[in-house]
There are 2 protein chains.
Amino acid sequence: MKSERATLPDRELNDRLAASGLRFTAQRQQVLAVLLKRRDHPTAEEVFIRAKSQMPDISMATVYNCLDALTQCGLVRQVHMDRGAARYCPNMSDHSHFRCEGCGRVHDIDLASEALRPHLPRGFQVSHSEVSLHGLCADCARNSAARSSAK
Amino acid sequence: MKSERATLPDRELNDRLAASGLRFTAQRQQVLAVLLKRRDHPTAEEVFIRAKSQMPDISMATVYNCLDALTQCGLVRQVHMDRGAARYCPNMSDHSHFRCEGCGRVHDIDLASEALRPHLPRGFQVSHSEVSLHGLCADCARNSAARSSAK
DNA sequence: TTTGTATTTAGAATCATTCTAACTCTTGAC
DNA sequence: GTCAAGAGTTAGAATGATTCTAAATACAAA
């Protein structure tokens, strides 16, 4: 899980968009900035709220459009944890996600989906895979252990 | 991935339901029968259509209720592949799913989520995990290879 | 400039799912 | 057996996330 530069230069965004036949726009820049600032896997609605605080006229439809555009050009990934809203992640390395049932946070896990390939039946070709884990993160597990031994 | 008996006796269903404080009903029996008959991971709507052909008065709300009840008492699992409708699987062994982008079928894959545990950071406790794979199944991969070499 | 295309926007539409309230069926107490 | 209480079923309304639509706007190339 290598860390990426905190701020991706606009030039990079521009080039990536152009490579997919998409234009650089202030809204797309803003949405990407939101995702890079706090890498906490926000939902589209959370992205909307954060983006709106900087850019009050942005609309929900545009946030969805921008998230799509950024996903298309390979700067962002959609993450599906529960059955609820999709989340967005700017960490493009091959990794998995863990959602803590205690604090609700989604953690990046260094488990490459590439590692699953050997388990496939002969002849199957994987184009994409997703691993989602649920449980207690280290902090919450410690707290819950402490709580139950205290009573 | 051991195969289960094609028809689970009603007695078993009754016992499992009772163990969760639920009653045996004709609708729950019918919904389970649908899932056991064709183990093709149908959505709630597909279950509804199939159940309705045998039991014309059953409603969608009841199908959801029955699927919940069967999930609760451990006879059925929800499977989440795309962002769309949840699917239902009566294979309770620890396995994963592969959705073929060619034929749309969902295949059971003998990949225990238990196998992922060693990859977790120290202190994390997993209560549940799900692996979903996408690509081409052996049949579709073969067909697509044949098609592209023919042209 | 002009013109064509991409993008943004608000709101309507859609899809899967959950909720609600009325009705029905079971079960257990008498 | 009768009856009340609690489960379960039902249709339809409500919800939440997302996509679609149509009009307005902004760009980019000619």
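Quick caveat, the model's predicted, so the values are computed rather than measured. Naming convention: chains lettered A, B, ... in sequence-line order (proteins, then strands); numbering from 1 in each chain.
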Does Glu130(A) reach the main-chain N or O of His80(A) with its side chain, forming a donor-acceptor pair under 3.5 Å?
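Indeed, once roles are kept as given, a pair shorter than 3.5 Å links the two residues.
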For DNA chain C, which residues in residues 42-59 of chain A have a heavy atom at a distance below 4.0 Å?
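The stretch gives Asp57(A), Ile58(A), Ser59(A) as the residues lying under 4.0 Å from the strand, ordered by number.
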Would you indicate, yes or no, if [N] has its OP1 or OP2 atom less than 4.0 angstrom from a side-chain nitrogen or oxygen of [X]?
{"X": "Asn65(B)", "N": "dG8(D)", "result": "no"}
{"X": "Gln27(A)", "N": "dT9(C)", "result": "yes"}
{"X": "Arg23(A)", "N": "dT5(C)", "result": "no"}
{"X": "Thr25(B)", "N": "dT9(D)", "result": "yes"}

Does Gln78(B) have more than 12 heavy atoms from other residues, nucleotides or ligands lying within 6.0 Å of its CD?
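Atom CD in Gln78(B) is packed in, count exceeds 12.
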Full working for side-chain hydrogen bond (donor to acceptor under 3.5 Å, both in side chains) between Arg28(B) and Asn65(B)
CA-CA 9 Å; Arg28(B) 287 170 182 169; Asn65(B) 168 344; 3.3 Å; yes
Once you apply a heavy-atom cut-off of 4.0 Å, does Ala86(B) come out as touching a base, just sugar-phosphate, or nothing?
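Result for Ala86(B) = sugar-phosphate.
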Salt bridge or not between Arg99(A) and Asp82(A)? Use side-chain N to carboxylate O under 4.0 Å.
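Salt bridge flag = yes for Asp82(A) with Arg99(A).
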Atom-pair distance (CZ on Phe24(A); P on dA26(D)), nearest Å:
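In whole Å, dA26(D) P and Phe24(A) CZ are 17 Å from each other.
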Once you round it to whole Å, what is the distance between C1' of dC27(D) and CG of Leu22(A)?
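Spelled out: CG on Leu22(A) to C1' on dC27(D) is 14 Å.
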Quick check for you: among dT10(D), dT19(D), dT7(C), whose closest atom lies nearest to any side-chain atom of Arg83(B)?
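It is dT19(D).
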Minimum-distance nucleotide (side-chain atoms of Ala61(A) versus dA10(C), dT9(D), dT17(C))
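Looking only at side-chain atoms, Ala61(A) lies closest to dA10(C).
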With DNA chain C as reference, determine whether Arg87(B) or Met60(A) sits nearer its 5' end, using the nearest nucleotide of each.
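First, find each residue's nearest nucleotide; the 5'-ward one identifies Met60(A).
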